[in-house]
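Chain A is the first sequence line, chain B the second, and so forth, proteins listed ahead of strands; every chain is numbered from 1.
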Amino acid sequence: MDLSLTPIPEQFYQRTEVTDIARELLGMHLVTRIGGDITGGKIVETEAYRGITDRASHAYGGRRTARTGTLYSHGGIAYVYLCYGIHHLFNIVTGPEDTPHAVLIRGIEPLYGVDLMLSRRNMPSLKPQISAGPGALSKALAIDRRHNGLELNRGEIWIGDAPGLDSKEEIISSARIGVAYAKEDALLPWRFSLKGNPFVSRPRPK
DNA sequence: GTGCGGATGAACT
DNA sequence: GTTCATCCGCACT
């Protein structure tokens, strides 16, 4: 495994176009080092949440609470929150301070510490469900709410710049998942994924 | 203080 | 396709 990948500098996250950042994160490597244990993989699915104008965002309308305060920090820190009382969802805050944009990481292809990821997921063998979906990948990487507000690139959670996508890998955009409550914004094509990659999550069937 | 429901996953039928 | 797990954020009283 190649962990010599250069961590993405903070400036990458502090740009203002969160949709560009979400797209560009595809193919890069999300890695955690929790208690000395390294796990991680290639990002294959992301979603952009665009601050106060996006009905799907926790910061819609400028809402700022104990939970969403993290979103108003500068780009390059983790926003982790508990969803449905069970699942920890990992986002990266982007933009300058007071611009509450974020990218939700929704799927990774395991590359590092796969056996440990299997163990954390209670799975005997590698299947896409190990890390396809935001709650699943957080469990596989041992990310939880303790990491909310954590600065990336400090040795616990970081994203490494990868060689780039293979020429046959295609990026597609689609509507975000699970945001029906966002009304017209639910249809924005702000979900990005690598076409055909098995570690991309699937929308809930009707 | 109370009540509702969620950026989901997995086990059911 | 349906149901349930399981907790807290957040709006409202």
Once base and sugar-phosphate atoms are separated, protein heavy atoms under 4.0 Å mark nucleotides 1-13 of chain B, 5' to 3', with B, S and - as -----BBBBB---
Sorted by chain and residue number, the side chain to side chain donor-acceptor pair (under 3.5 Å) partners of A:K139 (sequence neighbours excluded) come out as none
Sequence neighbours excluded, the answer for ring-ring contact (aromatic ring centres under 6.0 Å, His included) partners of A:Y81 is A:H58, A:Y79
Item to check | Pairing of A:E17 and A:R23 as salt bridge, 4.0 angstrom limit | outcome: no
Those residues at least two apart in sequence (or on a different chain) that pass side chain to side chain donor-acceptor pair (under 3.5 Å) with A:R145 are none
Taken in chain and number order and not counting sequence neighbours, the residues that satisfy side-chain contact (heavy atoms from CB on, under 4.5 Å) with A:R64 are A:Y72, A:D98
Taken in chain and number order and not counting sequence neighbours, the residues that satisfy side chain to side chain donor-acceptor pair (under 3.5 Å) with A:T99 are none
Applying side-chain contact (heavy atoms from CB on, under 4.5 Å) to A:R33 and not counting sequence neighbours gives A:I38, A:W158
A:L116 meets the side-chain contact (heavy atoms from CB on, under 4.5 Å) criterion, sequence neighbours left out, with A:D37, A:T39, A:R120
Requested in this report: Select base, sugar-phosphate, or nothing to describe what A:R55 touches, counting heavy atoms under 4.0 Å on all strands.
Outcome: nothing
Residue pairs passing the salt bridge (Lys or Arg N to Asp or Glu O under 4.0 Å) test with at least one member in residues 171-191 of chain A, sequence neighbours excluded, are A:E45-A:R191, A:D54-A:R176, A:R55-A:E184
Residues passing the side-chain contact (heavy atoms from CB on, under 4.5 Å) test with A:S119, sequence neighbours excluded, are none
* To do: Please measure how far the C1' atom in C:dT3 lies from the corresponding atom in B:dG5, and state the result in whole Å.
  => 16 Å
Span of DNA chain C engaged by chain A, first through last nucleotide within the 4.0 Å heavy-atom cut-off, is C:dG1 to C:dA11
Its dot-bracket string being built from Watson-Crick and G-U pairs below 3.5 Å, with | for another strand and [ ] for crossing, DNA chain B has the pattern ||||||.|||||.
